[in-house]
Amino acid sequence: MATKSQTKTPARSSPGRSDKSVDKRIAKTSTDKDAPLKEDIRLLGRLLGEVLRHQEGDTVFEVVETIRQTAVRFRRESDAKAGAELDKLLKKLTRDQTNSVVRAFSYFSHLANIAEDQHHNRRRRAHLLAGSAPQPGSVAYALSRLDNAGVSGNTVRNFLSESLISPVLTAHPTEVQRKSILDAEREIARLLALRDNPLTPKELRDNTELLRARIATLWQTRMLRYTKLTVADEIENALSYYRITFLRELPALYDDIEEEINVQFPSRTRTRAGNSPAPAELTPFVQMGSWIGGDRDGNPNVNAGTMQRALQRQSTTIFDFYLDEVHALGAELSISTLMVDASAELLALADASPDNSDHRADEPYRRALIGVYARLAATARSLGVVNILRQEVGAAAHYASPEECIRELQVLVDSLNANHGGALVKPRLAVLKRSIEIFGFHLATLDMRQSSDVHERVLGELFASAQVEPSYASLDEDKKVALLLTELSSPRLLYSPYLNYSDETNSELTILRTAREIRQRYGARAIRNYIISHTETVSDLLEVLLLQKETGLLHADARDPGKLIELELMVIPLFETIPDLRCAADIMEQWLSLPQVAPLVARQGKLQEVMLGYSDSNKDGGFLTSNWELYKSENRLVELFNRAGVKLRLFHGRGGTVGRGGGPSYQAILAQPPGTVNGQIRLTEQGEIIASKFSNPEIGRRNLELLVAATLEASLMPETTDAKETRKLAEFERVMEDLSERAYQAYRNLVYETPGFTDYFFASTPIAEIAELNIGSRPASRKSTRRIEDLRAIPWGFSWGQCRLLFPGWYGFGSAVSEWLQEGGSKEQAKRLATLRAMYREWPFFAALLSNMDMVLSKTDLAVASRYAGLVADRKLRNAIFGRILGEHERASQLLGSITGNKERLAGNPLLARSIKNRFAYLDPLNHLQVELIRRHRSTAAAGKKVEERVQRGIHLTINGIAAGLRNTG
């Protein structure tokens with residue numbers, strides 16, 4: 001926002017920035033790398049201030065500006081007088097002024113995010129233009145490291161041909177922004193990026209006017225959803241990121257990777273006679289996944305219909321793209337056989353086209369593409385796509401598979417390459433062909449997920465109805481396994497079309513039958529995974545096998561019905577809690593040793609996926625223990641799978657916040673135990689993280705590249721086999737085991753064993769108010785209770801972030817390290833501290849752990865958190881629990897500094913440190929107002945009075961603003 005004097009200058013009289021001014025800005029960038037960022041933030045803040053004054057009037061503007069200046073003074077100068085003045089100003093606000101203030105500060109955070117994203121892009125481009133050495137996180141850097149380590153280009157190519165790297169978009173409810181807001185902000189980002197180009201004074205004025213208009217649009221757009229999101233809404237929201245980023249940036253990334261491989265390993269490059277080197281063809285090793293429409297765990301709104309809708313809308317999205325690209329290609333490839341030859345195959349493809357126009361008789365590429373367009377349009381209609389924009393020239397047979405279309409496009413590619421048209425392949429034709437290889441006719445693989453207890457109930461009913469077993473759920477594990485294996489070997493089905501079943505059983509069976517139909521219609525890649533939440537036993541896995549048999553997804557040998565030969569949906573266990581993670585390897589050992597399972601795993605390419613949950617393990621055992629148990633579980637799984645001769649693919653269920661497995665993906669992948677990546681990795685992208693990573697195409701490309709680069713390095717860099725290093729790692733792991741046990745006890749003691757902690761949590765955080773937000777189709781709790789155990793991990797982390805404690809990202813660390821160091825005399829303490837420092841320097845796992853905790857602690861603000869603690873009516877309870885949290889925070893901060901050697905937070909990332917520090921002044925008023933509004937809201941409800949809508953809306957607006965300011969919600 002702007003000062004009064006700034007807003008008095010009309011925009012059109014502001015000096016335009018000419019080419020010379022741009023040169024100045026670039027020169028300034030070389031001395032102060034953050035100068036353009038500061039300039040952009042000032043510009044956006046000034047325009048927001050002008051919009052505020054114009055929309056709300058001078059009085060509201062002056063109130064907002066006074067609060068802003070006071071908050072900045074309070075934050076920068078630690079001025080206690082300013083703090084008291086800020087409190088007084090906020091309490092004097094009328095209800096209407098309150099909402100205007102909240103919106104103003106919220107939108108400033110939104111605009112600051114846009115400016116920062118643009119600055120990241122700017123700095124990356126400046127680095128590339130300078131011709132500097134490749135940076136960590138780039139594929140060029142990863143390939144250079146591999147080359148220096150003696151890894152050959154052929155090894156890299158062969159590795160990628162067998163790899164799968166899959167970001168999986170989920171609809172977990174942590175995205176507080178409406179799509180309308182995100183769309184407006186994308187346009188602001190585009191306009192801001194244009195200002196880095198040379199602009200005439202008029203162009204600059206026009207750009208400024210458009211920015212002002214888009215900010216005015218933001219101000220006049222409703223920030224909150226007033227109706228609950230449906231699954232259909234979530235599907236559409238996710239598809240927007242494909243149009244913005246994935247459809248173009250993912251194929252382009254493949255081109256970049258091919259080029260980097262050929263640059264790094266030139267001796268291996270294949271060539272064509274008379275032409276430039278041909279890039280090595282890469283198989284689609286990066287593929288998109290989705291849970292949206294198929295994730296039923298705890299969401300009664302997901303069913304067979306949502307699965308069908310998800311695939312129909314996904315298919316529509318990709319066919320719209322293909323048809324547009326083929327149409328554009330037809331305009332571009334105006335090549336005439338009067339000028340250049342064409343291959344016989346291309347001429348045959350042209351002759352098979354429904355286009356018989358004499359005007360194009362000598363233009364075989366256009367005629368061939370008209371045929372391709374007609375066949376794609378026919379295929380789209382066969383898959384339920386309606387409203388195809390451009391009518392095809394004539395009828396044509398649909399494609400039986402994406403591969404059939406790819407073969408026809410390859411005919412065009414080969415003909416161009418053979419007839420001096422190689423330069424015409426890359427701009428669009430190669431991208432289209434690559435896109436079909438990546439996205440097929442389904443766009444993204446839709447995962448299915450359901451809780452194990454649902455499967456148990458469904459099979460219990462089927463067993464009882466078939467008079468096989470009256471009480472399946474009461475059987476012990478051995479008897480369950482024996483019964484399930486017997487039924488898997490039986491040629492008959494349990495299900496009868498002549499019996500009545502419960503709605504749940506009918507729904508679950510219909511969903512699986514629908515999955516089979518979807519695979520037949522859209523291809524095997526459309527649905528290929530079935531994830532089992534709360535996997536605790538081998539019977540949980542076998543139950544899904546049997547359900548697939550009941551619905552035609554598990555196939556047996558026709559001559560020997562007891563011999564299982566093919567499973568259409570891979571059965572994937574999800575291990576979430578601390579006890580589950582500890583049992584994961586034992587369960588998988590039993591699973592892989594079953595004679596009935598071995599042939600099914602063999603048909604999967606001797607590959608089995610295992611999913612690990614970060615969110616629930618953190619809520620269950622705390623930050624340190626969750627990370628350590630995940631690490632140990634991965635190590636045990638690697639050892640087991642190596643013995644079994646089966647390739648392990650880990651699916652990491654990571655959330656947005658550090659407490660839910662968030663943090664930089666590149667460092668997280670490199671910190672995985674050796675052997676756990678191996679070219680096979682899937683990971684969830686959830687909620688607001690999807691928007692922050694993929695709503696800007698350039699940032700989206702960068703984040704996709706980070707995944708590939710990290711996977712290459714983690715999988716192919718030679719491991720150190722030095723005996724000394726092995727002993728050192730073993731010592732580090734022993735220390736970590738000790739620390740984890742202590743942290744686990746400290747965390748569990750507070751969260752699950754301290755009387756009144758649940759009451760403290762519900763009173764001191766906006767958990768109840770978050771549950772009222774329309775940010776997802778999924779309920780906030782699995783059950784209608786106030787037990788922490790039943791609360792979903794997402795609102796748990798969301799709530800602690802809102803009150804600025806971010807408790808799940810650090811609690812337990814301070815107690816664990818402090819206790820461990822204090823054992824023994826001063827010499828022993830010094831020795832142990834030296835060990836922790838060595839762990840930080842030399843062990844990527846521990847370094848990433850502390851780096852993430854450093855970031856979380858930098859966003860924590862105890863003064864603000866104390867205001868939320870004041871919402872707890874029981875003073876004794878409040879003082880006891882908040883006092884323990886304060887003590888743990890002090891220990892964690894002090895010991896983190898002792899280990900890393902950095903007393904200041906984020907010493908290694910000064911840009912992020914400054915960003916967070918600068919945001920605090922704009923977050924403080926939002927937090928203070930949120931506390932005041934919650935107090936009013938709850939007192940009104942407690943008195944039995946009607947809840948005031950404006951107060952409730954104000955709370956929800958503050959939640960939105962704080963989430964935007966922290967760039968973390970859940």
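When reading the values below, keep in mind they use all heavy atoms of this one structure, side chains included, and skip hydrogens, waters and symmetry mates.
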Do you see a donor-acceptor pair shorter than 3.5 Å between the side chains of Tyr399 and Glu408? yes
Within the distance-only criterion (no hydrogens, no angle test), does the side chain of Thr245 pair as donor or acceptor with the backbone N or O of Phe694 below 3.5 angstrom? yes
Side-chain H-bond candidate by donor/acceptor type, Asn158 with Ser161, under 3.5 Å: no
If you round to the nearest 0.5 Å, how far is CD1 of Ile215 from CD of Glu185? 10.0 Å
Do Thr316 and Gln312 get their side chains close enough for a donor-acceptor pair, meaning under 3.5 Å? yes
Are any non-hydrogen side-chain atoms of His119 and Arg123 less than 4.5 angstrom apart? yes
Determine which pairs satisfy salt bridge (charged side-chain N to carboxylate O under 4.0 Å, His left out) with at least one residue from residues 382-397, sequence neighbours left out, and list them in order. Asp324-Arg390, Arg381-Glu392
Rounded distance (nearest 0.5 Å) linking atom CE of Met570 with atom CG of Leu607: 5.0 Å
Hey, are the side chains of Arg513 and Arg516 touching, using non-hydrogen atoms and a 4.5 Å cut-off? no
Take the angle between the ring planes of Tyr242 and Phe439 and call it parallel below 30°, perpendicular above 60°, tilted in between. perpendicular
Under 3.5 Å, side-chain donor or acceptor atoms of residues 423-431 against the rest of the protein: list the pairs with distances, not counting sequence neighbours.
residue	atom	partner	partner atom	Å
Arg428	NE	Glu332	OE1	3.3
Arg428	NE	Glu332	OE2	2.8
Arg428	NH1	Glu325	OE1	3.1
Arg428	NH1	Glu325	OE2	3.3
Arg428	NH2	Glu332	OE2	2.7

According to salt bridge (charged side-chain N to carboxylate O under 4.0 Å, His left out), does anything in residues 695-712 pair up with another residue at least two apart or in another chain? List the pairs. Arg124-Glu705, Arg125-Glu698, Glu249-Arg701, Asp256-Arg701
Would you say the side chains of Ser382 and Arg521 form a donor-acceptor pair under 3.5 Å? no
Here's a test for you: under side-chain contact (heavy atoms from CB on, under 4.5 Å), which of Leu683, Val286, Ile681 qualifies with Leu707? Leu683
Is the closest side-chain donor-acceptor distance between Asp196 and Gln118 under 3.5 Å? yes
Going by atom types alone, do Asp341 and Asn419 pair a side-chain donor with an acceptor below 3.5 Å? no
Would you call the rings of Trp291 and Phe651 parallel, tilted or perpendicular if under 30° counts as parallel and over 60° as perpendicular? perpendicular
Which heavy-atom pair separates Glu568 from Gly552 by the least distance, and what is that distance? OE2-O, 3.7 Å
Is any side-chain heavy atom of Leu416 less than 4.5 Å from a side-chain heavy atom of Tyr365? yes
Can you confirm whether Pro364 sits close enough to Thr337 that some side-chain heavy atom of one is under 4.5 Å from a side-chain heavy atom of the other? yes
